[in-house]
Undergrad: 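Would you mind keeping the following structure in view while I ask a few things?
Proteins get letters first, then strands, A, B, ... in listed order; numbering begins at 1 in each.
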Amino acid sequence: MILLSLISPELIMAGREAVTATSTMDIDWPMVGAWLRAALAASSILMGLFFVFAGTIGVLRLPDFYTRIHAAGMTDTLGAEMVLLGLMIQSGFTQTTLKLLMLSFFLLLTSPTATHAVAHAAHRAGLKPKLGDYRAKSIDEIRAKAAKRGAS
Amino acid sequence: MFRYGFILAVAMAVFWLAMSGYFKPMLLILGVISVVMTLWMCARMKILDEETAPYLYVPLTLSYFIWLGKEIYKANIAVVRAVMSPEMKISPSMVRVPIAGKDDMSATMFANSITLTPGTVSIDIDEDSILVHALLSEMAVAEDFIEMGDRSGFAVGERS
Amino acid sequence: MLSLTTSLVFAAAEASSTVQAVSRVKFSDLINMSHFNLAVAFALLVSMALLIGRLLGGPTLYDRLLAVNSFGTKTVLFLCVFCFVIGRPDGLDIAILYALMNFIATIAVLKFFSYRALGVSIHEGVFQTEEGER
């Protein structure tokens with residue numbers, strides 16, 4: 001047994017040599033890993049950007065204040081987190097990632113509090129929410145209205 | 001009180017080291033001074049209790065955030081679908097959701113989780129219920145919030 | 001048993017040395033993503049510019065506050081991405097500071113508009129308004 005233990009390192013080293021000798025395919029593994037990481041980071045950031053833009057468009061489009069809050073919340077949660085996740089993947093295991101993690105945690109804690117504060121202040125100030133089914137005007141209705149205004 | 005002061009000091013020291021990243025004597029001394037000053041201020045304001053230093057529940061809270069992330073993802077998809085469609089069929093509605101937990105911490109966590117999920121915003125909160133505004137009427141069902149209430153209460157260390 | 005442990009130790013040493021060899025090549029040296037990040041920063045600027053529309057034309061005060069809050073979140077994201085563009089991650093401290101200040105500013109403005117004063121404790125005191133006591 002002791003003899004084996006003395007021999008085994010050399011055996012392992014021999015095996016390693018054999019493996020490195022046989023794998024002569026020219027694949028640049030660090031480069032492949034880097035490309036995978038870049039693709040992952042880019043897709044995460046692009047998805048975050050999609051949610052950021054959806055939130056912006058929602059804030060512009062939605063009819064009243066209480067519904068606009070939801071669109072702003074969409075930007076704050078998934079949009080921001082996905083962009084920060086993409087940046088974390090880019091930076092790897094460094095102090096930068098720790099700071100980004102801290103920043104995403106802060107955003108996750110502070111954004112709902114600020115949103116609730118705005119909504120609560122509006123509610124207490126007596127701003128009434130519009131309830132019930134809502135449907136955006138189609139382009140024909142808008143055109144008809146504009147034509148009527150132009151005629152009168 | 002000394003227990004929570006100690007926890008707060010350890011948390012602040014870890015935070016300082018993580019944010020600065022330098023281990024020079026001068027910067028370490030500055031960090032010690034900051035930690036001691038903050039502890040003194042906290043002791044003077046008499047806020048050294050469980051609410052100020054909830055760092056013992058951080059693993060529970062993180063595991064709760066993983067579950068919440070899934071919910072946020074689903075709600076985001078629904079809201080994006082409602083907002084980006086041309087006719088934009090939304091049905092804003094309000095509902096009162098009863099609070100399951102008893103202490104303030106779990107109620108705060110519950111209201112924060114409701115606000116964090118897009119499509120539902122907690123507008124008003126009183127002793128035993130939360131007024132929730134929802135973007136779609138199918139999100140404004142009081143029974144759907146029961147699981148979230150239980151899990152958020154568990155995440156901040158409430159054992160009922 | 002001894003042989004097993006020795007081989008394990010050896011394998012671990014080998015693995016750690018290879019990991020170090022891999023991690024010595026930095027990701028930013030292999031693929032330069034700063035152009036992509038620059039495009040992302042410009043997209044964030046465009047979305048901020050769109051949000052100014054709501055900021056200027058919001059019917060109520062609360063719409064404007066919501067727009068300012070959302071604008072601040074986007075500014076934080078822009079700062080983070082821009083730090084990666086110029087390759088100096090020190091600027092992330094400014095982003096963290098901006099996130100916290102955005103929150104505090106929103107709360108302070110709301111408190112001022114609700115109470116018309118900043119030095120008010122919300123736990124004590126009753127406010128006389130036109131509707132009655134709050």
Undergrad: C:I107 versus chain A, heavy atoms under 4.5 Å apart: side chain, backbone, both or neither?
TA: side chain
Undergrad: With a 4.5 angstrom heavy-atom cut-off, is it the side chain or the backbone of C:L110 that approaches chain A, or both, or neither?
TA: side chain
Undergrad: Nearest 0.5 Å please: distance from the CG atom of C:N102 over to the CZ atom of A:F106.
TA: 13.5 Å
Undergrad: Is the closest side-chain heavy-atom distance between C:F36 and A:I45 below 4.5 Å?
TA: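 With C-beta onward as the side chain, the pair touches.
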Undergrad: Which answer fits C:F103, side chain, backbone, both or neither, if we ask what part of it has an atom under 4.5 Å from a heavy atom of chain A?
TA: side chain
Undergrad: With side chain to side chain contact (heavy atoms under 4.5 Å, CB included) as the test, would you mind laying out the steps for A:T56 and C:F71 before giving the verdict?
TA: CA-CA 10 Å; A:T56 310; C:F71 198 89; over 6 Å; no
Undergrad: My understanding is that only residues two or more places apart in sequence, or in another chain, count here; which of them pass ring-ring contact (aromatic ring centres under 6.0 Å, His included) with C:F78?
TA: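 Applying ring-ring contact (aromatic ring centres under 6.0 Å, His included) to C:F78 gives C:F82.
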Undergrad: Shorter than 4.5 Å, heavy atoms on both sides: which option in C:L92, C:L65, C:L44 has the most such pairs with chain A?
TA: C:L92
Undergrad: Can you say whether C:D63 sits under 4.5 Å from chain A via the side chain, the backbone, both, or neither, judging by heavy atoms?
TA: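 Both backbone and side chain.
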Undergrad: Of all of A:D64, A:T94, A:L87, A:D76, which one pairs up most often with chain C through heavy atoms under 4.5 Å apart?
TA: A:L87
Undergrad: Do you know which of C:L61, C:V40, C:V46 has the most heavy-atom pairs under 4.5 Å to chain A?
TA: C:V40
Undergrad: What part of C:V76 gets closer than 4.5 Å to chain A, counting heavy atoms only: side chain, backbone, both or neither?
TA: side chain
Undergrad: So do the side chains of A:L100 and C:C80 get within less than 4.5 Å of each other, counting heavy atoms only?
TA: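 When only atoms from C-beta onward are counted, C:C80 and A:L100 do touch, with a gap below 4.5 Å.
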Undergrad: Is C:I96 close to chain A through its backbone or its side chain, or both, or neither, when contacts mean heavy atoms under 4.5 Å?
TA: both
Undergrad: Measure C:T106 against the heavy atoms of chain A and call it side chain, backbone, both or neither at under 4.5 Å.
TA: side chain
